[in-house]
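One structure below.
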Protein chains: 2
Amino acid sequence: MKQPRLLLVEDDPALAELLEFRFQAEGYTVLSTPDGDEALLLAAEEAPDLVLLDWMIEGTSGIEVCRRLRRDKATAHVPIIMLTARGAEDDMIRGLETGADDYITKPFSPRELIARVSAIMRRIRPALAGEQITVGDLTLDATAHKVTRKGQILALGPTEFRLLKFFMEHPGRVFSRGQLLDAVWGTDSDIELRTVDVHIRRLRKGIELEGTLDPVRTVRSAGYALEAV
Amino acid sequence: MKQPRLLLVEDDPALAELLEFRFQAEGYTVLSTPDGDEALLLAAEEAPDLVLLDWMIEGTSGIEVCRRLRRDKATAHVPIIMLTARGAEDDMIRGLETGADDYITKPFSPRELIARVSAIMRRIRPALAGEQITVGDLTLDATAHKVTRKGQILALGPTEFRLLKFFMEHPGRVFSRGQLLDAVWGTDSDIELRTVDVHIRRLRKGIELEGTLDPVRTVRSAGYALEAV
DNA sequence: GCCTTTTGTGACATGTATGTGACGATCACT
DNA sequence: AGTGATCGTCACATACATGTCACAAAAGGC
């Protein structure tokens, strides 16, 4: 399953960094540049699934970037969301005429922007924008098969992924090793109970990050639980 | 079911009171303060699930509060919604950069704010609380395998936990050592009766807190009981 | 007050549960 | 066949809980 790719064209470094961070946390691969010409290059070479385009950028203007994206056959179908300053309705209208799919006026909440992007992604690639569960600083996207923690994408093995998914569907609750075997391995598996311990350890190692606490709680003589840290 | 906790930082007394009232009606526990420094204290001590932060407050400014909340590991992940005056776009952008999750501009309808808060709460806390028993100031959650007293989480050994659970299922009732052995250790255990005393002691030690009385009552030549203090 | 019975408490050896690294087996993919 | 990833299991180390004892303290009964 390919990760959705997003091209961000924004010349305010602070805002760019913020959006980059947030979208990575949502499971997107983010390409970012403040420059219009570079954006065109990136769009041609990296084939993003969606473009977030600031209207007021250095070099080639937003509207020009938009027009050229539409003209090139390789990028003509890529959805474009414009980011515009409040009150620039003229630009907005011209932008929509030029081929942008949606616009959003600054200031906007990242949540709102993410919602619009997800909506478009769902329309374009239904399989990608899956349901996701969030527990504490962990986010799991079942359909994209991706786990992130504080925006960092984590690499988990298949079993660890299923284990974490099960935990995240029942946060805070304690499960015995037997229950975990039934839920994650299947009811009819004759696996050693202690094997669960090993996978718990692998899960812990897989989700540990600099400066984070272990959300997996050991309950002696009872089992394990995932805490919403 | 634990109530969601909400920290409101708002220096307009009328608005604060209104929001307090409305959110309490929605089932939230509301902590409220007009002061930024006090807000930081409250956030650290009371562990709210969500912060509503007015931008223009006395003392430490909203943006500073936001930044400090994010910097403290204990509160870094708590969602923040900014309340801003209309037309203060600059503040808003800086706020989102600083780590706020959403914003809403005054004047807003309480209904709208409640909707946004609910949306975030749904996303963050899917279903935390399981079945729990409460006796006096003690609360025991069997599925999460957790005991709290006055909000403090207590660390009990497995046997102490089972013992307390049994007591809490029959509050006020006196049990002989033999009955407790049957109920907590199992009918076929050949344990010394006096062993119960030791575990009672360990339980007492495990649940003692500053400024609390011992809820475990000794009934001479009969047994023990748990009192609803 | 004095004696007897009952309970509180600290320490300890023991047993049990869990953490952890390594290893061979298996499977998918090339 | 070869490579790499993942899996289940084991052996060992470690941390923790347990049951028992000996003695101190308290509570009744007289």
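Any value given below was found using the heavy atoms of this structure, including those in side chains, with hydrogens, waters and symmetry copies removed. Just so it is clear, the model here is predicted, and its values are computed rather than measured.
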Return yes if a side-chain donor-acceptor contact under 3.5 Å exists between B:Arg204 and B:Thr218, otherwise no. yes

Output yes when at least one side-chain N/O atom of B:Trp185 is less than 4.0 Å from OP1 or OP2 of D:dG19, else no. yes

First encountered from the 5' end of DNA chain C, between B:Ala222 and B:Lys205: B:Ala222

Output the residues of residues 206-219 of chain B in contact with DNA chain D, where contact means a heavy atom of the residue under 4.0 Å from an atom of the strand; sort by number or write none. none

On DNA chain C, reading 5' to 3', which nucleotide is the first and which the last to sit with an atom under 4.0 Å from a heavy atom of chain B, could you check? C:dT5 to C:dA11

Donor-acceptor pairs are to be reported for all side-chain atoms of residues 163-175 of chain B against protein atoms at under 3.5 Å, with residues two or more places apart or in another chain.
none

Measure the distance from CZ on B:Arg194 to P on D:dC21 and round it to the nearest whole Å. 11 Å

B:Gln179 side-chain N/O to B:Ser176 backbone N/O, donor-acceptor pair under 3.5 Å: yes

Exactly one candidate in A:Pro48, A:Ser32, A:Pro34 meets side chain to side chain contact (heavy atoms under 4.5 Å, CB included) with A:Leu8; the answer is A:Ser32

Measure from CG on A:Asp190 to P on D:dC7 and round the result to the nearest Å. 17 Å

B/S/- contact track for nucleotides 25-30 of chain D, protein heavy atom under 4.0 Å: --BS--

Nearest whole angstrom, please: distance from the C1' of D:dT6 to the CZ of A:Phe161. 16 Å

Quickly work out the B:Leu193 CG to D:dG19 P distance and round it to whole Å. 13 Å

Pairwise ring-ring contact (aromatic ring centres under 6.0 Å, His included) hits with a residue in residues 179-215 of chain A, at least two apart: A:Trp185-A:His199

Give A:Tyr224 one of three labels, base, sugar-phosphate or nothing, depending on what nucleic acid heavy atoms sit under 4.0 Å from its own. sugar-phosphate

Measure the spacing between CD of B:Glu208 and CG of B:Asp214 and express it to the nearest 0.5 Å. 8.5 Å

Donor-acceptor pair, A:Glu10 side chain versus A:Asp12 backbone, under 3.5 Å? yes

Identify whether the distance between the nearest side-chain nitrogen and carboxylate oxygen of A:Arg202 and A:Glu160 falls below 4.0 Å. no

Report the distance from atom CG of B:Leu181 to atom OG1 of B:Thr195, rounding to the nearest 0.5 Å. 7.5 Å

Looking at B:Cys66 and B:Ile80, what are the two nearest heavy atoms and their distance? SG-CD1, 3.9 Å

Does anything in residues 195-204 of chain A come within less than 4.0 Å of DNA chain C? Heavy atoms only, and list the residues if so. A:Asp197, A:Arg201, A:Arg202, A:Arg204

Does atom CG of B:Leu213 have more than 12 heavy-atom neighbours from other groups under 6.0 Å away? no

A:Val9 versus A:Asp54: any side-chain heavy-atom pair under 4.5 Å? no

B:Glu192 CD - D:dG19 C1' separation (whole Å): 9 Å

Kindly determine whether B:Asp141 and B:Thr143 satisfy side-chain hydrogen bond (donor to acceptor under 3.5 Å, both in side chains), including the steps that lead there. CA-CA 6 Å; B:Asp141 187 327; B:Thr143 61; 3.0 Å; yes

